[in-house]
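Everything numeric in this text was worked out from a predicted model, so none of it was measured.
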Amino acid sequence: MSLQELMNKKNRLVIGLMSGTSADGTDAALVNIAGSGIETCVQMLDYISIPFEKNLRAAILELAGGKAVTAGELCRMNRLLGEIYLQACLTLCQKAQIDPSQIDLVGCHGQTIWHQPEAEFYFGKSI
């Protein structure tokens with residue numbers, strides 16, 4: 001389906017995923033989004049929360065602790081979390097009795113491993 005076709009659909013089934021700095025697990029919400037712009041209507045259809053295993057949570061918190069890590073460690077965690085997010089989507093679809101092929105869009109910001117609330121200068125830019 002093209003982006004234009006998705007935008008023109010009357011209703012869109014969307015899964016939103018969240019895992020934050022507490023690294024306690026993945027939350028997944030299935031919503032129906034109807035309309036667009038100021039006419040948008042969002043209805044939550046179902047929700048799950050899946051806790052991370054203790055050793056995974058510890059590894060995420062260690063990565064977030066500020067010590068030096070390799071790019072390989074970050075990439076492996078990225079790949080593992082992608083698999084966990086996929087499983088959360090499939091589990092939510094099963095719970096909601098929705099075929100995964102009916103999902104139009106999945107939104108996921110990824111796992112926060114570094115929280116930077118204050119701007120810093122980096123390569124001459126305030127980030």
Side-chain angles (χ1 to χ4, degrees):
M1 173 182 311
S2 73
L3 184 55
Q4 187 65 44
E5 289 170 321
L6 180 61
M7 289 173 40
N8 290 335
K9 282 185 78 173
K10 183 177 178 183
N11 292 292
R12 293 165 295 282
L13 284 177
V14 177
I15 294 177
L17 298 168
M18 172 68 185
S19 58
T21 54
S22 65
D24 56 353
T26 301
D27 298 325
L30 174 64
V31 297
N32 180 65
I33 301 176
S36 62
I38 62 172
E39 303 297 322
T40 303
C41 181
V42 179
Q43 176 189 16
M44 186 157 78
L45 304 175
D46 216 330
Y47 170 88
I48 59 168
S49 184
I50 302 173
F52 289 142
E53 294 178 6
K54 286 177 124 177
N55 61 345
L56 175 60
R57 182 173 190 260
I60 293 169
L61 292 173
E62 186 175 334
L63 284 175
K67 74 170 189 139
V69 297
T70 68
E73 288 175 278
L74 288 174
C75 288
R76 283 189 291 278
M77 182 60 75
N78 183 54
R79 172 74 187 246
L80 176 61
L81 288 171
E83 294 292 328
I84 289 169
Y85 297 151
L86 170 62
Q87 189 58 52
C89 289
L90 294 174
T91 301
L92 179 58
C93 286
Q94 183 178 19
K95 180 179 181 235
Q97 299 180 336
I98 299 285
D99 188 291
S101 67
Q102 293 178 269
I103 301 300
D104 294 303
L105 188 69
V106 174
C108 178
H109 68 71
Q111 175 64 47
T112 302
I113 59 167
W114 182 256
H115 184 65
Q116 182 184 320
E118 302 297 326
E120 294 180 9
F121 281 95
Y122 186 70
F123 284 93
K125 306 237 183 254
S126 178
I127 59 165

What residues form a side-chain hydrogen bond (donor to acceptor under 3.5 Å, both in side chains) with [X], not counting sequence neighbours?
{"X": "S2", "result": "E5"}
{"X": "T91", "result": "Q87"}
{"X": "D99", "result": "S101"}

*Quick one: hydrophobic cluster around F123, which other residues, with the 4.5 Å side-chain cut-off, linked directly or via members?*
Y122, I127
_Can you list, by chain and residue number, the hydrophobic cluster partners of I84 when the side-chain cut-off is 4.5 Å?_
L13, I15, L17, L30, L45, I48, I50, F52, L56, I60, L63, V69, L74, M77, L80, L81, Y85, L92, I98, I103, V106, I113
*Judged by atom type as modelled, is there a donor-acceptor pair below 3.5 Å linking the side chain of K10 to the main-chain atoms of A34?*
no
*Counting distance only, does the side-chain N/O of R12 pair as donor-acceptor with the main-chain N or O of G35 below 3.5 Å?*
yes
_Which heavy atom of F121 sits nearest to which heavy atom of S126, and what is that distance?_
CD2-N, 3.9 Å
*Identify the heavy atoms of S19 and G25 that sit nearest to each other, and give their distance.*
CB-O, 3.4 Å
Could you name each residue pair satisfying salt bridge (Lys or Arg N to Asp or Glu O under 4.0 Å) that touches [range], not counting sequence neighbours?
{"range": "residues 106-124", "result": "none"}
{"range": "residues 13-30", "result": "none"}
{"range": "residues 79-90", "result": "R79-E83"}
{"range": "residues 103-114", "result": "K9-D104"}

*Take atom CD in Q102; do more than 12 heavy atoms of anything else shown fall under 6.0 Å from it?*
yes
*Out of curiosity, T21 OG1 to Q111 CD, how far, rounded to the nearest 0.5 Å?*
8.0 Å
*Would you list the pairs meeting side chain to side chain donor-acceptor pair (under 3.5 Å) in which at least one residue belongs to residues 63-74, sequence neighbours left out?*
E62-K67, T70-E73
